[in-house]
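Each remark here refers to the structure printed beneath this line.
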There are 2 protein chains.
Amino acid sequence: MATAREVAEKAGVSVSTVGRALADDPRISAKTKSRVREVAGQLGYVGNLPARQMRGAKSNLIGLMLPDIRNYFYATIAEALSECCSSNGYQLALSIANDPETEARHVTELISARAAGIVIVPTANPKRETRDLLNNFPHVQLLRRVNSYKSAWFGINDEDCLCEGTKHLLNLGHQRIAYIGGSRDLSTGNARRAGFRRAFTEMGVDFDNAIEVFGPPSSAQYGATAVIDLLNRPEPPTALITGTIRVTQAILEILHQRGVSAPEDISIVGFGDNPEFKWWGPGLTTICMPIEDLATTCGLWFLHHIESEKPTNLLHSSLANASLTIRGSTAPPLK
Amino acid sequence: MATAREVAEKAGVSVSTVGRALADDPRISAKTKSRVREVAGQLGYVGNLPARQMRGAKSNLIGLMLPDIRNYFYATIAEALSECCSSNGYQLALSIANDPETEARHVTELISARAAGIVIVPTANPKRETRDLLNNFPHVQLLRRVNSYKSAWFGINDEDCLCEGTKHLLNLGHQRIAYIGGSRDLSTGNARRAGFRRAFTEMGVDFDNAIEVFGPPSSAQYGATAVIDLLNRPEPPTALITGTIRVTQAILEILHQRGVSAPEDISIVGFGDNPEFKWWGPGLTTICMPIEDLATTCGLWFLHHIESEKPTNLLHSSLANASLTIRGSTAPPLK
DNA sequence: ATGAAAGCGCTAACAA
DNA sequence: TTGTTAGCGCTTTCAT
């Protein structure tokens, strides 16, 4: 790769003139500028960012740490954030980490590269190392929240989401409702489960008939297994509500495979709003989250704080509200 | 951020001793090593990659340029490549670029950052600038192919894909078949269309009854519009085959919305193998691509070539074969 | 309007 | 076993 010195030699000027010409410094004559640019173009010169960073230039890299990019939910976040970064001169570095070790490694690498900042959807039980690293580096938490990270958080009102979905089922007259959710090691899993329970309390319905199933984060096989088990019970639940998108997908697939239909055999409220949920069977009643908006808000807030050198560790938190979209998969239970 | 010099001062040694201790150089005594590590830990020291790069260290950044991360197809590529990079000590920088300008900007930035290399799914009509840049930088093309890029290419056998899908319809007895595909400015769009045509030739069926509709890349609205138009014709096609995943999705949604059912009203072969295609209506007959495998193969090949400093501009090309999965959405036409 | 030189943080060749 | 020094490519004083 050509360096500024090579350009300088070929153009018959000094290195500093090259730097100034390319930076469009007013002190350089138009004639010199155009010649330098000419030569730079010929040589395919592209400024060396690492060298610039050593001179104090900040990196344009924003690290994004996600558990799973194949999940439409996270893909939407990546897209929104990428757009946000891109239009502000930044570049997204995507790290996919499902476990604390990989997470620690990627965080270290991003910090080593002196990225401008990190947007992270944390894993369930992060290593202390990760925490110490992040707490001394500009970052923001998205969706999931780890209390020991001293940083801002942008998430959705998980508890209300599930409370509303569950109330919809209770209002229809269901009592034996199953909740299949994500790991309680995650802030999201915990809050969603709390919302499920709160619905019963607030509606004054006995919780004894409720069923709760939890699984590891970013896996969904347990969801399919669980739903089959539930349907094989002597008294199967009359309704089902899910707590993660992956579980929703797994369940839709297994129910279709087994010929179980909603709402006749069981009513279903699905967590998440993938486009295909519209046309599953009679249309899936879903909990829809303004995820694109959340990601953009988070991105703008973060970039603004980075650029104005404001601290990002000020425990700011922003809650987005989800809404229930009622389709054909929920109906009153058969008497 | 703490520097090696600060660590050196606090540990009472020289900068080079710090560097060597942290690199586990055998010449440094165990005692010194542990003290240096101790101090480094206290100060939260993380080596400065930009500075190392100036000393010849190579970046661990692999740029991935995609048109659309929300497309499950591309998300799968990102996931596979991320995994591949991650397990080889690299890090993925994701750039989403749909148009030549954004593409040029991102390529410049990646090169400026002196990334280790770029994996690119090129846009339809890239700028000359992008071409000149890439041709002097390690890169590899994925899926789409631009002839003026002097580089290896990993893709699928698009022509055979569509030929096979079309033949399936012809074999069932369809003649009035519509093809709704992607832009012919793309190598993929072109090849798929050629496959559609070849099927008629090879089966000896008159092409006059066939219908072809093309649209811009990474948009799908035209697909939904086109399918409605087609169905409103006095003699609507009896079968439909799509040429992009986005179009497939758009069509499934609009058909569901309008109450058009397959295969009664029309037979459908969908391009792509999203999980939800299994349970659209009677199950969608699809063209499945070994995309994960393709991405991993591409990643391994590329990383290997980068590491062994082999040139990546050797016009290597690798074709993966797709297969047809027959489900309920295709049947013989009603007489 | 341009050049010379210092220095960012690090590694490696050379000294000791 | 450790320290000293030069230099990677760039920007930015300070000089001219």
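Proteins get letters first, then strands, A, B, ... in listed order; numbering begins at 1 in each.
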So which one's nearest nucleotide on DNA chain D is more toward 5', Ala4(A) or Lys33(B)?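 Its nucleotide being nearer the 5' end, the pick is Lys33(B).
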
Let me know, please, whether Met54(B) or Ala30(B) comes out on the 5' side of the other along DNA chain D by nearest nucleotide.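 Of the two residues, Ala30(B) wins.
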
Of the nucleotides [options], which has the atom closest to the [X] side chain?
{"X": "Asn48(B)", "options": "dT11(D), dC10(C), dG3(D)", "answer": "dC10(C)"}
{"X": "Thr32(B)", "options": "dG3(D), dG9(D), dT1(D)", "answer": "dT1(D)"}
{"X": "Arg27(A)", "options": "dG9(C), dT11(C), dC14(D)", "answer": "dC14(D)"}

Using side-chain heavy atoms (C-beta onward) and a distance below 4.5 Å, is Leu300(B) in contact with Asn88(B)?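 Contact flag for Leu300(B)/Asn88(B) side chains = yes.
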
4.5 Å side-chain heavy-atom contact, Asn48(B) and Arg114(A):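 Sidechains of Arg114(A) and Asn48(B): in contact.
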
Side-chain donor/acceptor contact of Arg55(A) with base of dG9(C) under 3.5 Å: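 Such a pair does not exist between side chain and base.
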
For [N], take OP1 and OP2 only and decide whether either is under 4.0 Å from a side-chain N or O of [X].
{"X": "Ser16(A)", "N": "dT2(C)", "value": "no"}
{"X": "Arg20(A)", "N": "dT11(D)", "value": "no"}
{"X": "Arg52(A)", "N": "dT11(D)", "value": "yes"}
{"X": "Ser29(B)", "N": "dT2(D)", "value": "yes"}

Can you confirm whether the side chains of His139(A) and Ser151(A) place a donor and an acceptor under 3.5 Å from each other?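 Checked: His139(A)/Ser151(A) side chains pair up, N/O donor to acceptor below 3.5 Å.
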
Nearest whole angstrom, please: distance from the [atom2] of [N] to the [atom1] of [X].
{"X": "Tyr45(B)", "N": "dG9(C)", "atom1": "OH", "atom2": "C1'", "result": "8 Å"}
{"X": "Arg114(A)", "N": "dG9(C)", "atom1": "CZ", "atom2": "C1'", "result": "9 Å"}
{"X": "Gln53(B)", "N": "dT11(C)", "atom1": "CD", "atom2": "P", "result": "12 Å"}

Out of the candidates Phe302(A), Trp153(A), Phe154(A), only one should pair with His316(A) under the ring-ring contact (aromatic ring centres under 6.0 Å, His included) rule; please name it.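 That would be Phe154(A); it is the only one of Phe302(A), Trp153(A), Phe154(A) passing the ring-ring contact (aromatic ring centres under 6.0 Å, His included) with His316(A).
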
Contact class for Thr17(B) (heavy atom, under 4.0 Å): base, sugar-phosphate, or nothing?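 Since only primed, P, OP1 and OP2 atoms lie under 4.0 Å of Thr17(B), the category is sugar-phosphate.
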
